[in-house]
Each structure stands twice: as structure tokens, then as C-alpha cells.
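Numbering of ligands and ligand atoms starts at 1, following listing order.
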Amino acid sequence: MLQKVAVVGAGNVGATAAQRLAGKNLARTVVLIDVLEGIPQGKALDQFQSGPIEGFDTRVIGTNGYDEAAGAEVFVVTAGIARKPGMSRDDLVKTNAGIVRSVAEQIRRVAPAAIIVVVSNPLDVMCHVAMQASGFPRERVLGMAGVLDTARYRTFLAEAMDVSVEDIQAMVLGGHGDTMVPLVSYTTVSGIPVTQLLEQGKLDAIVDRARNGGAEIVGLLKTGSAYYAPSAAAVQMVEAIAHDKKRILPCAVWLQGEYGIRDVFCGVPVKLGRKGLEQIVDIRLTAEEAKALHASAEAVRSTMVALG
Ligand SMILES: NC(=O)c1ccc[n+]([C@@H]2O[C@H](COP(=O)([O-])OP(=O)(O)OC[C@H]3O[C@@H](n4cnc5c(N)ncnc54)[C@H](O)[C@@H]3O)[C@@H](O)[C@H]2O)c1
């Protein structure tokens with residue numbers, strides 16, 4: 001168990017993540033931080049009071065400052081504004097960059113040894129902002145996107161084949177957005193290549209739906225974006241860190257030549273443990289997948305350049 005995990009942004013993703021962290025007893029204290037007065041305090045107190053029913057002892061604290069988060073081992077950064085209908089993730093870039101920069105500076109001040117799990121969009125660019133502003137090494141700045149995109153992909157595959165999601169192994173790489181790269185060549189159902197079980201047309205439709213998974217939910221909700229699956233995905237990353245599980249999960253990391261890509265955050269398979277990023281797993285891709293991964297990384301780079 002960790003001593004302290006802080007979640008910055010007490011909106012839909014952040015508050016739900018805080019509750020999941022407490023419910024899983026991943027930390028002795030969960031600190032929920034937001035700029036809105038009363039919101040993190042009220043949500044944290046409400047969650048704390050669910051402890052006797054849910055069976056957790058985690059203290060959940062809400063605050064508008066960072067002092068309560070001093071020494072936290074992990075920060076989950078969800079601060080920012082969410083996507084509205086018709087708005088691309090990239091439209092969010094300037095506003096959220098300012099927010100994430102100020103958050104990362106505070107993290108550096110109160111918890112210089114922390115691991116940062118970035119959730120705010122546009123994800124890959126916000127990871128870069130967080131790494132720059134915190135000055136942390138790449139091992140301690142990770143982005144959550146691939147775990148969510150993979151969960152969406154696995155959900156639709158399980159539904160289409162009427163099998164347990166537990167038996168679907170898959171991985172979605174690349175930047176978070178329309179250019180994400182589902183690895184069909186590594187998608188198996190209890191070890192059976194998915195291409196033996198689903199015809200190409202169905203598989204293409206599923207890949208497409210996973211790619212637009214976020215937009216589909218934005219279209220339905222109209223006043224916000226997905227948060228149940230995103231918070232679960234962020235918490236799975238924290239769990240891998242907290243329990244030093246050495247899980248291989250697709251995370252956005254600062255690439256330094258791996259996969260032939262340099263100086264950009266992009267989703268690749270990584271080993272996640274107590275030190276954060278412990279290894280980038282370099283797997284063989286088909287020519288088509290490699291091309292798509294490079295295109296995805298270049299899309300992230302162009303947003304980075306646009307931000308300056
Ligand atoms: N990476 C992913 O896969 C993924 C998935 C879902 C959502 N997101 C992103 O996560 C972010 C949060 O989404 P949400 O649905 O929770 O939004 P939300 O609007 O419900 O919550 C965002 C919260 O951040 C707070 N905030 C704003 N500025 C802040 C600051 N400087 N310090 C602390 N808190 C601040 C707001 O007051 C608000 O409570 C968005 O950027 C969204 O696009 C990413």
C-alpha cells in the first residue's frame with residue numbers, strides 16, 4: 001500500500017479515480033485537489049464516509065492547495081477542461097497546457113520524488129508539459145490512454161464474440177486520439193489469434209468503434225466526456241505502481257529512439273512497477289502497424305509544435 005496518492009482535478013474523472021483508489025485500499029491517504037472551493041472537500045468527505053460500508057480505511061482529504069499532498073508517491077493529474085461535443089482533443093491544448101504546467105510545478109514543490117500519471121487531454125502533449133514543468137525524468141511521467149483505448153477495444157471484441165473480456169488479450173498503441181493503433185496482430189482470445197475467430201469486416205468495424213470510443217460517449221452525454229472507464233484505467237496504472245506488479249501496459253511515455261521515434265510522448269507497451277516506467281518493451285510490428293505508429297507520433301508532435 002502507498003502512503004499517499006493525490007488526484008488533481010476533482011471533476012468526473014478525478015473524483016471517480018479517488019473513490020476507486022480508496023475502494024481498492026491502494027493508499028493510506030488519498031488527497032483530492034481542485035481549484036473550486038468546497039468541491040474537493042465535499043466530494044472527499046462524502047467518499048470518506050463510504051469507507052465503513054465499502055470496507056476501506058483510506059483517509060480521503062479534499063483541498064484547494066498542495067500542502068496536504070506533500071510527499072505523495074503518485075499524482076494522478078486530471079485537471080483541465082473536458083471535451084465538449086464537436087470539440088477535438090486538440091482544441092483543448094492551450095487551456096489545459098497552462099493548467100497542467102501549474103499543477104506540475106506544484107507537484108515538483110511538494111513531492112519531488114513522485115510519479116505523475118497524466119490523464120488530462122490532449123494526453124500526449126500534456127505529458128510533455130508535465131515532464132517539462134516538473135523536471136522529472138521520463139521514468140516518472142506516464143500518460144494514461146492506451147489502457148483505456150485497449151479496454152474499449154477488448155469490450156467490443158468480447159461483445160462481438162460473446163466471450164469473457166478476461167480472455168481477450170490486446171494492446172492499443174500510439175497517441176490518444178483518432179490516430180491510435182490497435183494491434184490486431186497481437187490480439188488473441190485465450191491465445192487464439194482473433195483473425196481466426198472474427199471476419200475482417202467485423203474486426204475493422206470494432207477497431208473503428210474503439211478509435212471513436214471517446215467521441216461516441218461525448219455525443220451521448222452532450223455535457224461532458226467519459227469518466228468511468230478512464231478513471232478505472234488510471235487506477236489500474238496506479239495499482240501496478242503501488243504493488244510493484246511489473247505489469248506490461250500500453251502507456252504514453254517519452255520515446256528516445258524506441259520504435260524509431262524520438263522526443264515525443266507516444267503510447268507503447270511498458271513495464272510498470274514501483275519506480276514507474278521500468279522498461280519499454282520493443283515488440284515487432286507489421287509494416288502497416290509501424291507506419292501507423294509513426295504517423296500517430298507525428299500527429300502528437302505537430303500538436304506539440306503548435307503549442308510551442
Ligand atoms: N487520457 C484519457 O484517456 C482521458 C479520458 C477521459 C478524460 N480525459 C481528460 O481528463 C480531463 C478531466 O476530465 P473530466 O471529465 O474529469 O473533466 P471535469 O471538467 O469533470 O473535471 C476537471 C476538473 O479540473 C479542475 N481544474 C481546472 N483547473 C484546475 C487547476 N488548475 N488545478 C486543479 N484542478 C483544476 C476543474 O475545476 C474540474 O473540477 C479532461 O482534460 C479530459 O479531456 C482524458
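Residue contacts with ligand 1: Asn121 is placed with a nitrogen or oxygen under 3.5 Å of a nitrogen or oxygen of the ligand (distance criterion only).
The part of Ala226 lying near ligand 1 is the backbone, judged by heavy-atom distances below 4.0 Å. The proximity of Val35 to ligand 1, defined as any non-hydrogen pair under 4.0 Å, involves the side chain as well as the backbone. Neither the backbone nor the side chain of Ile39 comes within contact range of ligand 1; no heavy atom lies under 4.0 Å.
Counting atoms of ligand 1 from 1 in the listed order, those under 4.0 Å from a heavy atom of Leu148 are 3 (O), 5 (C). Remark: ligand 1 atoms within the under-4.0 Å shell around heavy atoms of Leu123 are 1 (N). Heavy-atom proximity to Val8, at under 4.0 Å, picks out these atoms of ligand 1: 33 (C). Residue-ligand proximity, Pro230 to ligand 1, at heavy-atom distances under 4.0 Å covers atoms 5 (C), 6 (C). Atoms of ligand 1 lying under 4.0 Å from any heavy atom of Gly80, numbered from 1 in the order shown and given with element: 22 (C), 23 (C), 24 (O), 26 (N), 27 (C). Each of the following atoms of ligand 1 lies closer than 4.0 Å to a heavy atom of Thr78: 11 (C), 12 (C), 22 (C). Atoms of ligand 1 lying under 4.0 Å from any heavy atom of Asn96, numbered from 1 in the order shown and given with element: 41 (O). The distance from ligand 1 to the heavy atoms of His176 drops below 4.0 Å at these ligand atoms: 1 (N), 2 (C), 3 (O).
Between Val76 and Ala234 the shortest heavy-atom distance is CG1-CB, 4.2 Å.
Connection of Phe156 to Leu203 is established within a shared hydrophobic cluster, with ILVMFWY side chains joined at heavy-atom distances below 4.5 Å, either directly or through further cluster members.
The nearest non-hydrogen atom to atom 13 (O) of ligand 1, considering only Val218, Val13, Ile99, Thr223, comes from Val13. With Val117, Asp34, Val119, Asn12 as candidates, the residue nearest to atom 44 (C) of ligand 1 on a non-hydrogen basis is Val119.
Heavy-atom contacts from other residues, nucleotides or ligands closer than 6.0 Å to CZ of Arg59 number 12 or fewer. Heavy-atom contacts from other residues, nucleotides or ligands closer than 6.0 Å to NZ of Lys246 number more than 12.
Of the charged side-chain nitrogens involved, none lies within less than 4.0 Å of a carboxylate oxygen, so that Lys245 and Glu239 do not count as a salt-bridged pair. For Glu288 and Lys291, the salt-bridge test fails: no basic side-chain N is under 4.0 Å from an acidic carboxylate O. Look at Arg109 and Asp67 and you find a salt bridge, because one of the NZ, NE, NH1 or NH2 atoms lies within 4.0 Å of a carboxylate O, short of that distance.
In this structure, OG1 in Thr286 is found 9.0 Å from OH in Tyr186, a value given to the nearest 0.5 Å.
Between Cys251 and the choices Ile280, Val118, Leu173, Val270, the side-chain contact (heavy atoms from CB on, under 4.5 Å) rule is met once, by Val270.
Side-chain polar atoms of His176 and Asp149 form a donor-acceptor pair below 3.5 angstrom.
Every heavy atom of Gly224 sits 4.0 Å or more from the atoms of ligand 1.
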